[in-house]
Amino acid sequence: MAQDDKFKKLVSHCKEYGFIFQSSEVYDGLSAVYDYGPYGVELKNNIKKYWWDSMVQMHENIVGIDAAIFMHPKTWKASGHVDAFSDPLVDNKGSNKRYRADQLIEGYMDKIEGKINKEITKAKKRFGDAFNEEEFRATNGRVLDNAKKHEAVRLRLAAAMTNEDMADLKAMLEEYKINCPVSGSNDWTDVRMFNLMFYTQLGNVAGEEGKLYLRPETAQGIFVNFLNVQKTTRQKLPFGIAQIGKAFRNEIVARQFIFRMREFEQMEMQFFIKPGTQKEWYAYWKEYRLKWHTALGTAPEKFRFHDHDNLAFYADAAVDIEFEFPFGFKELEGIHSRTNHDLSSHQELSGRKLQYFDPQENESYVPYVVETSIGCDRMFLAMMSNALQEETVPDAKGKDSTRIVLKLPPALAPNKCAILPLLKNKEELTTKAREVFNKLKIHFKCQYDEKDAIGRRYRRQDAIGTPYCVTIDFDTLEDNTVTIRDRDTLEQIRVSIDEVAEIVSKKVDMKHLLA
RNA sequence: GCGAAUAUAGCUUAAUUGGUAAAGUUCCUGACUUCCAAUCAGGAGACAUCGGUUCGAUUCCGAUUAUUCGCUCCA
């Protein structure tokens with residue numbers, strides 16, 4: 001199957017079987033926003049549980065929180081999001097290149113300054129030792145003209161940036177004939193202020209006062225709660241705080257189905273450590289997180305580490321765990337050594353100490369942090385794309401037929417077990433099957449289905465990844481045994497009804513993944 | 001965001017050089033059926049949205065929305 005084709009099939013499979021729908025579909029959808037359907041939400045919840053248990057339940061020094069999506073605006077000042085990601089962008093229609101409008105104008109100002117400097121150099125040569133630069137600057141006509149121009153541009157740019165006057169930035173590009181360095185064209189699109197963060201209003205007073213951002217990452221909720229958590233749970237370094245939650249980024253280009261969405265869910269853990277130990281913890285988490293992935297049975301060659309070439313301003317080491325999606329190897333999870341950047345910066349801006357008293361060293365310091373951060377939706381997509389397969393299997397007459405099967409790890413599958421009476425027009429069978437269903441549904445997610453031929457029902461369960469099907473036939477009525485059919489091998493075993501819960505539980509339980 | 005392409009039923013795809021549309025599959029009802037997408041009978045379901053040209057638009061034109069690909073972006 002071609003890669004494009006495979007991706008297309010995955011997307012329609014997700015829709016057809018109720019995993020993922022486009023948001024607000026009846027209104028033609030909303031760009032890069034998706035909803036999880038009945039089976040999708042089960043799978044997603046199972047992924048979250050596997051992550052949470054592996055991180056929180058399995059580590060006595062990791063605890064969880066659930067911070068609010070809204071945070072004090074200063075949070076994003078401290079984290080660097082406000083300043084670093086708010087740019088006036090403009091595209092040149094000739095070259096289709098994108099620039100920051102303010103940088104283009106600054107480039108123009110540099111050019112004017114170049115002219116002034118040229119005059120000065122020329123004059124220096126002419127007057128020799130007698131040259132007085134200050135006097136020359138104050139008196140030379142051409143220099144004065146250019147200096148005046150430079151100052152005018154500078155003030156206008158500053159005003160436009162302060163007032164976010166995008167129209168004036170565009171007007172400046174046109175008036176000063178600032179052309180695209182690539183195409184030489186002056187044909188610009190409108191200038192747009194682009195900020196990666198969404199914002200909304202707190203209270204009903206409009207204006208800067210109540211301006212609130214939707215968090216672009218969950219990490220800051222952990223950082224600002226660092227001391228609360230450490231003190232209330234009496235943690236000693238090293239310890240971690242885990243969180244699963246929504247984050248929002250106004251991506252310029254959000255594409256590839258749920259791979260890059262504007263609203264998405266992160267599963268993050270910040271591990272607080274003694275400065276100087278970051279290398280070993282970074283290595284520990286790198287290994288632990290990869291193990292979490294491969295424990296699910298996904299082929300190891302589907303994963304690879306990718307070291308960051310350009311480290312973010314806060315990091316001293318960063319690696320991605322990449323997964324081979326249908327559209328190639330892409331980032332699935334990040335492991336970052338964030339130093340003490342975040343805590344220090346919150347400490348500075350809030351004026352509150354965010355330090356840990358180390359009883360062994362008998363001193364206080366700002367801990368270092370190693371972060372693991374995985375996109376829940378990306379994990380979902382990885383699991384789906386890895387699981388969706390087409391197989392050739394023999395049909396009732398022994399001929400080849402195509403089977404579409406979702407080979408999800410049993411622990412993550414939306415349904416664990418389907419309960420199927422062999423025939424629906426025999427009441428003894430359906431009654432018995434209902435009995436079995438009611439017995440099993442206490443243990444794990446089950447589905448009862450009596451419609452259509454048994455083979456079709458097996459295939460339907462295959463398509464949504466149900467690992468086991470229990471069939472009630474005429475023997476069941478005699479001796480209280482049923483068959484359990486395995487999704488992957490198609491093999492059936494006959495067992496007593498009383499054993500089903502235990503047998504299936506053992507196979508679909510998360511325990512063996514965590515151990 | 002720029003450029004290109006695309007948009008027909010839940011899904012996959014036809015046809016209409018401008019006269020409101022076909023099929024497979026799915027779904028619903030019933031019959032039948034003793035283990036891997038059986039069969040029979042009946043039924044439901046679509047031209048993305050808005051506007052223009054036209055006697056008449058699913059078809060032509062424009063805009064919008066969405067999707068895909070390339071470029072760009074991805075702290």
Side-chain angles (χ1 to χ4, degrees), chain A residues 4 7-9 11-18 21-33 37 76 79-87 89-100 183 187-192 194-197 216-217 219 249-257 259-260 308 310-315 318 320 327 330-331 334 336 338 341 391 393-399 401-405 420-426 429 451-463 469 471-477 482-483 485-487 490-492 494:
Chain A
D4 275 6
F7 187 44
K8 229 178 119 184
K9 281 189 178 170
V11 175
S12 43
H13 192 90
C14 281
K15 182 176 181 198
E16 188 171 0
Y17 289 93
F21 308 121
Q22 180 150 37
S23 162
S24 325
E25 207 190 37
V26 295
Y27 294 109
D28 291 327
L30 188 61
S31 181
V33 186
W76 308 112
S79 70
H81 287 82
V82 173
D83 297 328
F85 300 99
S86 185
D87 305 321
L89 297 180
V90 65
D91 292 279
N92 184 268
K93 290 179 185 167
S95 60
N96 291 330
K97 292 279 171 208
R98 166 166 297 165
Y99 301 95
R100 276 176 55 179
S183 67
D187 193 3
W188 298 103
T189 61
D190 285 340
V191 180
R192 287 162 306 252
F194 196 84
N195 193 317
L196 208 49
M197 289 191 289
E217 64 175 23
R249 292 181 197 177
N250 200 0
E251 301 279 359
I252 301 173
V253 176
R255 242 188 254 168
Q256 282 163 324
F257 198 38
F259 183 78
R260 180 164 291 126
H308 284 211
N310 302 316
L311 289 175
F313 56 87
Y314 57 69
D320 290 340
F327 37 86
K330 299 273 174 174
E331 179 186 356
H336 303 141
R338 289 180 85 127
H341 169 266
E391 277 184 351
V393 294
D395 66 10
K397 297 178 191 102
K399 280 194 192 158
S401 71
T402 305
R403 172 172 90 123
I404 294 169
V405 55
L420 317 169
L422 187 59
L423 300 173
K424 87 162 170 183
N425 62 353
K426 297 280 183 293
L429 290 180
K451 187 162 173 354
D452 298 314
I454 187 76
R456 181 187 288 269
R457 280 178 274 160
Y458 285 148
R459 297 294 176 88
R460 258 204 298 264
Q461 294 300 326
D462 288 343
C469 291
T471 305
I472 285 76
D473 58 20
F474 291 98
D475 289 347
T476 311
L477 304 174
V482 294
T483 59
R485 178 247 193 200
D486 184 293
R487 177 195 67 197
L490 303 179
E491 275 163 19
Q492 286 179 292
R494 184 162 276 279

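Proteins get letters first, then strands, A, B, ... in listed order; numbering begins at 1 in each.
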Sugar-phosphate only, base, or nothing, as touched by Glu217(A) at under 4.0 Å among non-hydrogen atoms: nothing

Using the P atom as the point on both nucleotides, what is the distance between A41(B) and A23(B), in whole Å?
15 Å

Of the candidates A66(B), G10(B), G1(B), the side chain of Arg255(A) sits closest to G1(B)

- Message: If you go through the side-chain atoms of Arg260(A), does one of them form a donor-acceptor pair with the base of C74(B) closer than 3.5 Å?
- Response: yes

When all nucleic acid strands are considered with a 4.0 Å heavy-atom cut-off, which category describes Thr471(A): base, sugar-phosphate, or nothing? base

### Query
Is there a side-chain polar atom (N or O) of Arg456(A) under 4.0 Å from OP1 or OP2 of A38(B)?
yes

query = Do Arg457(A) side-chain atoms and Pro421(A) backbone N/O form a donor-acceptor pair below 3.5 Å?
reply = yes

At 4.0 Å (heavy atoms only), tell me whether Asn425(A) reaches a base, stays on the sugar-phosphate, or touches nothing. base

Nearest-nucleotide check on RNA chain B, Arg459(A) vs Phe474(A); residue mapping nearer the 5' end is Phe474(A)

>> Over all strands shown, is Lys451(A) touching base, sugar-phosphate only, or nothing at heavy-atom distances under 4.0 angstrom?
In response: sugar-phosphate

Practice item. State, with a plain yes or no, whether a side-chain heavy atom of Val393(A) is found less than 4.5 Å away from one of Arg459(A). Key: yes

Classify the nucleic acid contact of Ala219(A) as base, sugar-phosphate or nothing, counting any heavy atom under 4.0 Å across all strands shown.
-> nothing

So what does Glu251(A) touch, heavy atoms closer than 4.0 Å: a base, only the sugar-phosphate, or nothing? nothing

Closest to the 5' end of RNA chain B, once Glu331(A) and Ala463(A) are matched to their nearest nucleotides, is Ala463(A)

Review point. Taking atom types as they are modelled, is there a donor-acceptor pair under 3.5 Å from the base of C35(B) to the side chain of Gln492(A)?
Key: yes

Asp28(A) has its side chain closest, among A38(B), G10(B), U65(B), to U65(B)

* To do: With P as the reference atom in both, quote the distance from U25(B) to A37(B) in angstrom, rounded to an integer.
  => 14 Å

field: Sugar-phosphate only, base, or nothing, as touched by Lys15(A) at under 4.0 Å among non-hydrogen atoms
entry: sugar-phosphate

Side-chain atoms of Ser31(A) come closest, of A48(B), C11(B), A66(B), to A66(B)

message: Does Arg485(A) contact C35(B) through a side-chain donor or acceptor facing the base, at a distance under 3.5 Å?
response: no

How is Arg249(A) classified with respect to the nucleic acid when contacts are heavy atoms under 4.0 Å: base, sugar-phosphate, or nothing? base

